[in-house]
Amino acid sequence: MAVAKASLLFEGFRLSKLFPTTQNSSSSINLTKVLNADAVYTKLSPRVQTARQQERDSISLLNDRIRREHSKRDQSIPLRPAMDSEEADKYIHLVKEQQQRGLQKLKTDRAKQGAPHDSAQPTFSYKVDPYTLRSGDYVVHRKVGIGRFVGIKFDVPKDSKEPIEYVFIEYADGMAKLPVKQASRLLYRYNLPNETKRPRTLSKLSDTSAWKRRRMKGKVAVQKMVVDLMELYLHRLKQKRPPYPKTSAMAEFASQFPFEPTPDQKQAFLDVERDLTERENPMDRLICGDVGFGKTEVALRAIFCVVSAGKQAMVLAPTIVLAKQHFDVVSERFSRYPNIRVGLLSRFQTKSEKEEYLSVIKDGHVDIMVGTHSLLGNRVEYNNLGLLVVDEEQRFGVKQKEKIASFKTSVDVLTLSATPIPRTLYLALTGFRDASLISTPPPERVPIRTHLSAYSKDKVISAIKHELDRGGRVFYVLPRIKGLEDVMEFLEQAFPHVEIAIAHGKQYSKQLEETMERFARGDIRILVCTNIVESGLDIQNANTIIIQDVQHFGLAQLYQLRGRVGRADKEAHAHLFYPDKSLLSDHALERLAALEECCELGQGFQLAERDMAIRGFGNIFGEQQTGDVGNVGIDLFFEMLFESLSKVDEHRVISVPYHGMKLDININPHLPTDYINNLENPMQIINGAEKAAEKDIFSLMQFTENLRHQYGKEPYSMEILLKKLYVRRMAADLGIISIYASGKMVGMKTNMSKKVFKLITDSATSDVHQNSLIFEDGQIKAELLLELPKEHILCDIQLALSIPLGQSIYIRSKSHTERIALAQD
Ligand SMILES: Nc1ncnc2c1ncn2[C@@H]1O[C@H](COP(=O)(O)OP(=O)(O)OP(=O)(O)O)[C@@H](O)[C@H]1O
């Protein structure tokens, strides 16, 4: 406990004299004593009073924190779950089960990949193979911190004559050498979500304290993230809707799919059908699959299930072009069902068309609405919305994502994504968000042939000619609008009899729509465009894509662009042109070469996985949390996250009922008469305080704030009285059964595990708390340097108990507060 701090705070006072203690050790408030007591606060010297007024008292500080944590939570989750402890048990069990399934799947996947399975080892590892490092790469050593990889060289160890291989890493104050074997157990790559960022400083070999602080910050961020994820998940489980009926019409709709579904598609159909027809909670499923692998049909079947039950469905696409394409696909697939009406809302519509749509959506005269973010506008009101399908959610803006998230609490949501966020991550996270992966291509799909070379007009002409000769169409992509005209001019000269057009996002919407339609129909054979065609566009007969100035695109973008072709059974070609080799860094060239080599179907997914894991991070966890990763780099962060996730169960704290918590610290402060006289209804106020504490910490905070608002800052004796309530409340939440002081020792008997205790102390910002609390025989103990007045002890206990605020989930019910805390080694 913070002996030094407490002693300073109360220096010069003999508090034990000012607060004569009684033998009554009950933790409840002795009302008679309280109300008849003498003024204590008036006995404080003026110097003390001034000092006290100047500093913010610990209750205010605590209240501020509680409010901060509360508002943080409330922004992301509009409704707080309220359940009793039995229900909470059930849900936690469900989370655990889900997660086990995810981890199990991860194990089988690794086994399939031929990874040796060692049950003692965690199934996920983001450690780096030192041989894959390049000189200059940043690495993280779990114990030492961030350094720069120099190379691997043979050297003779001190106690041997045989040379062995060492990894050499440069740190701020010297060079470290690690045997390769050891390095592969302890090293991670230092990556950041923002690829261009580099660590500001290298760690020091001689002083690891700065690294320890950074790692701790990362750990705390991980814990918070896990708690947030769990809270969201629990919240979703709390939402109820009756399952949809499973009908023969659904089977009939499925039978109209013209292809034989791939095994992964079949699994995804089944997953979604189960979500809709067997579960009572709205679905929140991600369909993650390589470009062109057939995610759309999964959405179409979900739409059919919901719409045939009389509800509406909304399909959101990130661009107008895509929205139009989805509209066409949906209209075509539902053409045998004249009762199912499909609408399209985007920038393309005129004002009056839009107004008409708004009214049919509201009246329920349209069943499936396809559109861009226009559908997220406040004026769009549904009659009976049941399903939201979101295509490429990561391409929507922050506000739109928030709106999408708000739908998740009330309707079923299916998200389609071709961004290969690492499968492993999703699998491990399946406890929190359901995901189906489509990693097998439709049969007869032929790999896209990728050619990377310096730009040459001849090469461009021959590539286009090859495609036109076989009756196909060509995408010609440039990084910027500027330059499209020049290319158009050159192509018009080279292919004078071929219809060529330009498409970009700044075009007048009708014009863009028309161009895209003509290209899809085949009237236009070459489309000179920007990356407006980047995602989702499915034009079967466009099988050559030319990308000029390839160095301006990210690997993820290139990967998406390349996926625009090769969507049928014809061999497709992607020509990637850079202006001049000398303009590219070695690294850039190497990455592009990897894209060229990696052309097997689905392989691109693996290749881009790492690259996009980094980008994808923001998509899953939000940009704000991306900042936390900077402390340790993304790989170590993921590993810490997985470790933490796999221990959700172990780190649960079972709170005890408020009245079951005994505070055996003998302080019964006497309230001054003039304060009591000033209160409108003292008995009611004291009872109110106790009731608020009994309910939860937030109510207690509100109570004290209201009290202060009405009567000003309470006298010190009342503050002590309130503090006792805070201490009991927080202790009960943390599963502390009793608190007692004996001589120079303070003890807290608790049901919490040692691991949770470690979580709490590890995340304490003050070293004093980290070092002075010990865990022994089911008790948290603090040895004081000297015997302190009880009030000091109470203050310190309050401080210690408030450490884990905000790191836990509260599942509130009338009589019980359940708390889940999560920690990791
Ligand atoms: N099992 C299958 N066999 C053959 N073709 C299929 C199969 N499933 C889908 N397709 C066809 O493959 C093409 C691509 O499918 P779809 O548009 O659903 O891909 P996607 O996963 O949504 O791709 P993107 O991420 O690019 O949007 C479509 O023309 C679709 O009809």
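As the structure lists them, so they are numbered: ligands from 1, and atoms in each ligand from 1.
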Aromatic plane relationship, F257 with F269 - under 30° parallel, 30 to 60° tilted, over 60° perpendicular: perpendicular

4.5 Å side-chain heavy-atom contact, L316 and L388: yes

Region of F259 that comes within reach of ligand 1 [heavy atoms, distance under 4.0 Å]: side chain

Parallel, tilted or perpendicular, as decided by the 30° and 60° cut-offs, for the rings of F253 and F304: parallel

Side chain to side chain contact (heavy atoms under 4.5 Å, CB included) partners of I481, counting only residues at least two apart: L484, H504, K506, T530

Basic-acidic side-chain contact under 4.0 Å: R518, E514: no

Pick from P263, G294, C288: the one approaching atom 19 (O) of ligand 1 most closely through a non-hydrogen atom: G294

For P261, atoms of ligand 1 separated by under 4.0 Å from a heavy atom: 1 (N)

N or O contact, D391 vs ligand 1, cut-off under 3.5 Å: no

Location of contacts on E260 toward ligand 1, heavy atoms closer than 4.0 Å: backbone

Donor-acceptor contact below 3.5 Å, side chain R473 vs main chain A520: yes

Under 4.0 Å to a heavy atom of P442 - the qualifying atoms of ligand 1, by number: 2 (C), 3 (N), 4 (C), 5 (N), 6 (C), 7 (C)

Contacting atoms of ligand 1, where contact means under 4.0 angstrom from a heavy atom of K295: 18 (O), 19 (O), 20 (P), 21 (O), 22 (O), 23 (O), 24 (P), 25 (O)

Under 4.0 Å to a heavy atom of F293 - the qualifying atoms of ligand 1, by number: 19 (O), 21 (O)

Distance filter under 4.0 Å to T296 heavy atoms, resulting ligand 1 atoms: 16 (P), 17 (O), 18 (O), 22 (O)

N or O contact, Q265 vs ligand 1, cut-off under 3.5 Å: yes

Inter-residue atom distance K311.NZ - N384.CG, 0.5 Å rounding: 4.5 Å

